[in-house]
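Have a look at the structure below before the remarks.
Bear in mind the structure is a predicted one, so any value in this text is a computation, not a measurement.
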Amino acid sequence: MSDILFILEFAGLILEGFIMTVIMTFLGLAGGFVLGVLSALGDVYGGKFLKIIINAYVEFFRGSPLIVQLLMFYFSIPILTGIKWDAFTAGAVTLMLNSGAYQKGYFKGAIEAVFKDQLLAAKSLGMTFKQTLMHIVLPQALRIVIPPWTNEYVSLGLSTSALIVIGLRELTNISKSIAAQTFRPLEVYLFTSIIYLIWITVSLKVLDYIYNRVRIPGLEVTSEV
């Protein structure tokens with residue numbers, strides 16, 4: 001047992017990598033949340049041209065590997081635009097765009113799950129389109145969407161390991177360095193897997209608790225692209 005405790009010598013590095021992983025996850029989710037909501041609203045209520053643009057964006061980021069997207073934004077975009085950015089910025093932007101494409105589908109399904117009778121009632125009361133969105137549609141949609149949004153949280157959190165391809169020092173990259181330094185890949189990667197497992201499990205328990213407190217009986221999100 002004492003032999004495996006060698007991993008504690010690298011506790012500082014592992015914590016650094018874990019913090020970076022959490023930061024990138026929440027940045028991706030936050031940016032993706034904004035993009036997802038706006039894209040869903042545009043797809044449901046926008047014109048034909050706007051819908052074409054939104055669907056092209058969604059299809060690209062859902063239809064290509066995250067690793068390819070990371071490589072493109074880190075290496076290709078700076079060459080094409082002349083904009084120089086570091087691995088952190090490139091990774092964050094890519095995760096936001098990727099997550100937004102997935103969250104768009106979740107939010108669209110949640111928005112369309114709101115009973116149409118409520119929209120008609122709001123219109124009959126003289127509420128504007130903006131008021132209906134802010135006071136009727138979005139408050140319910142944000143509660144309905146929690147279960148599928150939870151899946152996105154888990155998926156994105158685990159997908160941050162792909163950031164290793166652009167050299168960002170997140171948990172997987174740090175673990176790779178430690179394994180190479182100690183020649184103990186089994187123990188290092190097992191320990192890393194346990195960290196991911198505990199983090200995701202605790203997060204899911206918290207999100208399940210939140211959903212059970214705010215859920216709307218009888219309303220469930222539908223699967224939507």
Side-chain angles (χ1 to χ4, degrees), residues 1-36 61 65-75 77-78 83-103 106 146-213:
M1 176 62 70
S2 61
D3 189 40
I4 200 174
L5 294 180
F6 78 93
I7 196 72
L8 296 180
E9 300 175 16
F10 303 93
L13 283 175
I14 293 173
L15 179 60
E16 173 191 333
F18 176 68
I19 291 174
M20 179 59 71
T21 293
V22 174
I23 289 174
M24 296 303 290
T25 299
F26 280 96
L27 282 177
L29 281 173
F33 176 87
V34 174
L35 290 171
F61 281 96
L66 176 58
I67 289 179
V68 173
Q69 296 167 21
L70 286 167
L71 293 173
M72 182 184 71
F73 274 83
Y74 185 55
F75 293 107
I77 297 299
I83 299 174
K84 303 297 181 183
W85 53 16
D86 55 16
F88 180 89
T89 305
V93 169
T94 306
L95 291 179
M96 290 177 187
L97 291 168
N98 181 276
S99 181
Y102 285 93
Q103 292 193 54
Y106 304 144
I146 292 177
W149 190 88
T150 298
N151 293 334
E152 174 62 15
Y153 170 78
V154 172
S155 176
L156 189 65
L158 298 179
S159 294
T160 56
S161 59
L163 294 166
I164 192 174
V165 301
I166 59 174
L168 194 69
R169 290 175 62 80
E170 44 71 50
L171 183 57
T172 300
N173 199 356
I174 292 290
S175 300
K176 180 175 178 291
S177 299
I178 296 174
Q181 181 178 340
T182 61
F183 301 101
R184 306 281 293 274
L186 176 61
E187 295 93 330
V188 172
Y189 291 133
L190 178 60
F191 188 75
T192 301
S193 298
I194 293 173
I195 293 175
Y196 277 112
L197 177 62
I198 293 174
W199 170 42
I200 295 300
T201 301
V202 172
S203 297
L204 286 176
K205 294 295 183 182
V206 172
L207 290 170
D208 285 345
Y209 173 78
I210 293 173
Y211 177 64
N212 288 329
R213 292 294 301 271

Practice item. Please report the closest heavy-atom contact between A101 and F61, naming both atoms and the distance. Key: CB-CB, 3.7 Å
Revision key, fill the gap. Contacts of F10 meeting ring pair (Phe, Tyr, Trp, His ring centres under 6.0 Å) (sequence neighbours excluded), chain-then-number -> none
Point to revise | Residue pairs fulfilling side-chain hydrogen bond (donor to acceptor under 3.5 Å, both in side chains) with at least one residue in residues 17-35, sequence neighbours excluded | key: none
Practice item. Sequence neighbours left out, what passes side-chain contact (heavy atoms from CB on, under 4.5 Å) with V154? Give chain and number order. Key: L158, I200, L204
Check your understanding: Can you list every pair that meets side-chain hydrogen bond (donor to acceptor under 3.5 Å, both in side chains) and has a residue in residues 146-159, with sequence neighbours left out?
Key -> S99-E152, Q103-W149, Y153-W199, Y153-S203
**Study point:** Test side-chain contact (heavy atoms from CB on, under 4.5 Å) applied to I83 - qualifying residues, sequence neighbours left out
**Key:** T81
**Study point:** Min side-chain heavy-atom separation M20-L171 under 4.5 Å
**Key:** no
Check your understanding: Hey, are the side chains of T160 and T172 touching, using non-hydrogen atoms and a 4.5 Å cut-off?
Key -> no
Check your understanding: Quick one: side-chain contact (heavy atoms from CB on, under 4.5 Å) partners of L35, sequence neighbours excluded?
Key -> Y57, L97
Check your understanding: Does anything in residues 196-212 pair up under salt bridge (charged side-chain N to carboxylate O under 4.0 Å, His left out), and if so which pairs, sequence neighbours excluded?
Key -> none
Check your understanding: Counting only N and O atoms by type, is there a donor-acceptor contact under 3.5 Å from the side chain of T201 to the main-chain atoms of I198?
Key -> no
Practice item. Provide the full list of side-chain hydrogen bond (donor to acceptor under 3.5 Å, both in side chains) pairs with a residue in residues 9-19, sequence neighbours left out, each pair given once. Key: E16-R169
Revision key, fill the gap. T192 meets the side-chain hydrogen bond (donor to acceptor under 3.5 Å, both in side chains) criterion, sequence neighbours left out, with S175
Practice item. Among residues two or more places apart or on two chains, list those pairs meeting side-chain hydrogen bond (donor to acceptor under 3.5 Å, both in side chains) that have a residue in residues 87-98. Key: Q69-N98, D86-T89
Check your understanding: ring pair (Phe, Tyr, Trp, His ring centres under 6.0 Å) with F73: which residues, sequence neighbours excluded?
Key -> none
Practice item. For residues G28 and L156, report the shortest heavy-atom separation together with the two atoms involved. Key: C-CD2, 3.7 Å
Check your understanding: ring-ring contact (aromatic ring centres under 6.0 Å, His included): which pairs involve residues 155-175, sequence neighbours left out?
Key -> none
Check your understanding: Side-chain contact, heavy-atom cut-off 4.5 Å: L71 with V165?
Key -> yes
